[in-house]
Amino acid sequence: MIKHALNVTREQDFAAWYQAVISEADLAEESGVRGCMVIRPWGYGIWERIQRLLDDRIKATGHENCYFPLFIPLSYFEKEAEHVDGFAKEMAVVTHHRLVQKDGKLVPDPEAKLEEPLVVRPTSETVIGAAFSRWVQSWRDLPVLINQWANVVRWEMRTRMFLRTSEFLWQEGHTAHASEAEAREETMKILELYRSFAEDCLAMPVVAGEKPENERFPGAVSTYSIEAMMQDGKALQAGTSHFLGTTFSSAQNIRFQNAEGELELAQTTSWGVSTRMIGGVIMVHGDDDGLRVPPRIAPWQVVIVPMLRDQPEDSEIVAYCKTLQQELSVFGVFGEPVRALLDLRPAKAATKRWGWVKKGAPIVIEVGGRDMAGGNVSVIRRDRLYREDGKLDSIVVARGQFVDEATQMLESIQQALHAQARARMDANIRRDVSDFAALEAAFEGDKPGWLEVNWSRPSGAELDKVVERLKALKLTFRNVPGDAAAAEGACIFTGAPAVERILVARAY
């Protein structure tokens, strides 16, 4: 019987397990403000890795980083009715600029009321659209390709760390183009960028496709997403890319003179991913001993734990470990030097070992006196923690051999995590359901998984009826997979001829 590092397992209580991983892996903690979290160094280190790798990919496609204000005039939102309706219930609003003492308490100064309320940024289409209207005058000014890394605030009623918080970190890209074809091409290019990033860097398999009408971003003509399957079978929307058409350019007056001298509205896009991705990594890769971080996004890929007991930090064993750390840093993996940490904290080796196991460091190296005497190291791979007999899978190998094979081992761990997640997702997507009664039966109780079914792409009131039927079952449409087979037969919701296939699931 294996005694795991966490006090709750995924099978016992998935929600409690998720919170336990965040706590025990030192990812984040409550902040004192409802729905807002303190991201601790290990959690923020993972976000920094995501940020760096994704930023490189975004810039490689010709986009430049910039920054826009946190505060947006309310009048900017009022110009686009559908957009403001979509975010109205989540907006945090600043109405005063000064506090005063009254009856021993700080209160807003009535004389410091703002002439116009300011919205704390929930997303930046409106303020960036206003800037685009100043920047774009001629077809020669297009395309405009920008991105910003920022925080946003959406006043959520039900919050969960990383997945749905009142404040979160993200990147948001915004572009303006001379033609619809070019803007749509941009939308799909970013969707593929997100898909490949999730697969290659997060080891998180996803399904990329178009959202149905009811799931579109407020004000968008088309919305596309990548959807990941968590270990409990629920879906997580891990990133979105929106073709906005002329919705915002019309509201914000983003016009340009074309080559023929005529005025046209620019075609715009927006797209983003957030710290929600970390929640996805936890629920896709975590196990009953904590987090398992894919090596490409691990702040430290190899952690060296010397078994010092009462020996001083300048002992031979520490020198041995420092040499190992230096030898590893010479090698490159995934196009970067190996990131190796020597943990010299004054704590028991076993405590440090299990601390790094819970954090999910890809490789943990232990070095004791016997290891040093034999020129060896003891290696623990986080992707396969236990042997068949239930004991910790710690393998003694020659130091030189480990150094030579470390990069291959990290690549192997990255591939193994992706393969495990891919196999689980593929095994839990059913495509054999052909009527609504069978759909209901498929989701009875807490059965995991998604369904890919025929549908006729209903719109308006007809779609609303379908959405309500799904809502009663706590189900949602996810997206129409771009690689789905052609639809044959009738829509299971309307009975009309199907035009495509769509994913249905319970979701976060």
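- Taking 4.5 Å as the limit, some side-chain heavy atom of Leu54 sits within range of a side-chain heavy atom of Leu193.
- Using a 4.0 Å cut-off between charged nitrogen and carboxylate oxygen, Lys359 and Asp26 count as a salt-bridge pair.
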Candidate pair Asn479 and Ile502, rule side-chain contact (heavy atoms from CB on, under 4.5 Å), full reasoning: CA-CA 6 Å; Asn479 66 26; Ile502 192 166; over 6 Å; no
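- Tyr320 carries Arg399 over the face of its six-membered ring, with the cationic atom under 6.0 Å from the centre and within 45° of the normal.
- Ion pair Arg10/Asp288 flagged as a salt bridge, since at least one NZ, NE, NH1 or NH2 atom sits closer than 4.0 Å to an Asp/Glu carboxylate oxygen.
- For the pair Arg469 and Phe436, the cation-pi criterion (under 6.0 Å, within 45° of the ring axis) is fulfilled.
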Trace of the ring-ring contact (aromatic ring centres under 6.0 Å, His included) decision for Tyr386 with His4: CA-CA 10 Å; Tyr386 300 100; His4 292 287; 5.7 Å; yes
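- Taken from CG in Leu291 to CE in Met283, the straight-line distance is 12.0 Å, to the nearest 0.5 Å.
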Trace of the side chain to side chain donor-acceptor pair (under 3.5 Å) decision for His63 with Asn147: CA-CA 7 Å; His63 300 80; Asn147 175 66; over 6 Å; no
Candidate pair Phe493 and Phe477, rule ring-ring contact (aromatic ring centres under 6.0 Å, His included), full reasoning: CA-CA 12 Å; Phe493 306 104; Phe477 288 124; 5.3 Å; yes
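- Atom-to-atom distance recorded for Ser222:OG and Glu213:CD is 10.5 Å, nearest 0.5 angstrom.
- Atoms OG and CH2, on Ser274 and Trp47 in that order, are 6.0 Å from each other to the nearest 0.5 Å.
- Using a 4.5 Å heavy-atom threshold, the side chains of Arg164 and Tyr508 count as separate.
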Stepwise side-chain contact (heavy atoms from CB on, under 4.5 Å) test for Tyr194 and Glu199: CA-CA 9 Å; Tyr194 286 161; Glu199 302 259 358; over 6 Å; no
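- Taking the side chain to side chain donor-acceptor pair (under 3.5 Å) definition, one finds that Asp432 meets it with Arg430, sequence neighbours left out.
- Counting only heavy atoms from C-beta outward, the side chains of Thr240 and Trp271 never approach each other to under 4.5 Å.
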Trace of the ring-ring contact (aromatic ring centres under 6.0 Å, His included) decision for Phe217 with Tyr224: CA-CA 9 Å; Phe217 178 74; Tyr224 300 84; over 10 Å; no
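- Side-chain contact check for Arg381 versus Ile413: some heavy-atom pair is nearer than 4.5 Å.
- A distance of 8.0 Å separates CG in Leu244 from OG1 in Thr175, rounded to the nearest 0.5 Å.
- Salt-bridge annotation for Arg501 and Glu488: absent, with no side-chain N of the basic residue lying under 4.0 Å from a carboxylate O of the acidic one.
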Stepwise side-chain contact (heavy atoms from CB on, under 4.5 Å) check, Leu53 with Arg57: CA-CA 7 Å; Leu53 294 171; Arg57 292 184 177 217; 5.7 Å; no
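- Of all non-hydrogen atoms in Ile146 and Cys66, the two that sit nearest each other are CD1-SG, 3.6 Å.
- With sequence neighbours excluded, the residues that form a side chain to side chain donor-acceptor pair (under 3.5 Å) with Trp455 are Glu500.
- A salt bridge is defined here as a Lys NZ or Arg NE, NH1 or NH2 lying under 4.0 Å from an Asp or Glu carboxylate O, and Arg382 with Asp287 meets this definition.
- Under the 30°/60° scheme for interplanar angles, the aromatic rings of Phe168 and Trp170 are found to stand perpendicular.
- A pairwise comparison of heavy atoms in Ala238 and Met204 identifies CB-CE, 4.1 Å as the closest pair.
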Residues Arg292, Gln420; criterion side-chain contact (heavy atoms from CB on, under 4.5 Å); working and verdict: CA-CA 12 Å; Arg292 298 190 300 172; Gln420 290 169 20; 2.8 Å; yes
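- Within the structure, salt bridge (charged side-chain N to carboxylate O under 4.0 Å, His left out) pairs that include any residue of residues 222-242 comprise Lys211-Glu227, Glu227-Arg478 (at least two apart or interchain).
- The pair Glu336-Arg339 meets the salt-bridge criterion, since a charged nitrogen lies less than 4.0 angstrom from a carboxylate oxygen.
- Here the closest non-hydrogen pair linking Cys36 and Ser31 is O-OG, 2.8 Å.
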